[in-house]
Amino acid sequence: MFMKFGSQGNKSGEFKQPCAVATDKEGNIYVADFVNCRVQQFDKLGKFVQEFGGKGVKDGQFLNPSGLAIDSNGIVAVSDWDNHRVQLFSREGKFIGKFGSKGTRVFS
């Protein structure tokens with residue numbers, strides 16, 4: 001089944017450069033909304049459920065989320081591009097933890 005949901009913008013259910021999509025075992029759909037610095041969750045029919053994140057450098061905030069993965073326990077891992085880290089959230093959007101930091105590139 002194919003569906004379409006969302007439109008361009010910054011309100012709930014709208015996107016500015018959606019760049020990653022993942023689903024959990026219940027069929028909920030999570031979308032990394034790169035420019036709006038958030039993750040949005042939709043039910044399996046495409047109805048908006050919630051969003052989490054927001055622009056910033058604090059725990060639970062993003063500077064351009066660019067990737068998503070969800071494990072079998074429902075932990076949502078979000079690649080936080082310009083904060084140089086991966087953040088972990090519950091499926092309800094509660095911040096759990098983070099790992100990673102800005103590294104240095106070595107040229108040979």
Test Gln87 against Phe62 for side chain to side chain contact (heavy atoms under 4.5 Å, CB included), laying out the working first. CA-CA 9 Å; Gln87 297 194 70; Phe62 305 113; 3.6 Å; yes
Show your reasoning for whether side chain to side chain contact (heavy atoms under 4.5 Å, CB included) applies to Ile96 and Ile75. CA-CA 9 Å; Ile96 296 173; Ile75 303 299; 3.5 Å; yes
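Ser101 places none of its side-chain heavy atoms less than 4.5 Å from the side chain of His84. Counting only heavy atoms from C-beta outward, the side chains of Val76 and Ser90 never approach each other to under 4.5 Å. Looking at Thr23 and Ile70, their side chains never come closer than 4.5 Å, going by heavy atoms from C-beta outward.
Of all heavy-atom pairs spanning Cys37 and Asn64, the tightest one is SG-N, 3.6 Å. Taking each heavy atom of Phe34 and Pro65 in turn, the nearest pair found is CD1-O, 3.4 Å. In plain terms, the two heavy atoms of Ala20 and Leu68 that are nearest each other are O-CD1, 3.7 Å. The minimum heavy-atom distance between Asn73 and Arg91, with the atom names listed, is O-NH2, 3.2 Å. The two atoms that bring Ala32 and Gly67 nearest to each other are CB-N, 4.5 Å, heavy atoms only. Across every non-hydrogen atom of Asp80 and Gln61, the tightest pair is OD2-O, 3.2 Å.
Side-chain atoms of Arg38 do not come within 3.5 Å of backbone N or O of Val31 as any donor-acceptor pair. Between the side chain of Lys25 and the backbone N or O of Ser72 there is at least one donor-acceptor pair closer than 3.5 Å.
A ring-ring contact (aromatic ring centres under 6.0 Å, His included) check over residues 4-27, counting only residues at least two apart or in different chains, returns the pairs Phe5-Phe42, Phe15-Phe42.
Interatomic distance, Gln17 CD to Gln8 CD, rounded to the nearest 0.5 Å: 10.5 Å.
Residues Phe48 and Val21 share a single hydrophobic cluster, defined by chaining ILVMFWY side chains whose heavy atoms lie under 4.5 Å apart.
Phe95 and Phe89 have perpendicular rings, their planes meeting at more than 60° on a 0 to 90° scale where under 30° would count as parallel.
Scored by the ring-ring contact (aromatic ring centres under 6.0 Å, His included) test, Tyr30 finds no partners at all (sequence neighbours excluded).
For the pair Asp59 and Lys98, the salt-bridge criterion is met [side-chain N within less than 4.0 Å of a carboxylate O].
Within a 6.0 Å radius of CD in Glu26, more than 12 heavy atoms belonging to other residues, nucleotides or ligands are found.
Taking a 4.5 Å side-chain heavy-atom cut-off between Ile, Leu, Val, Met, Phe, Trp and Tyr, the cluster of Val57 extends to Leu63.
Residues Gln40 and Ser12 bring no donor and acceptor atom of their side chains to less than 3.5 Å of each other. Side chains of Asn28 and Asp43: no donor on one and acceptor on the other come within 3.5 Å.
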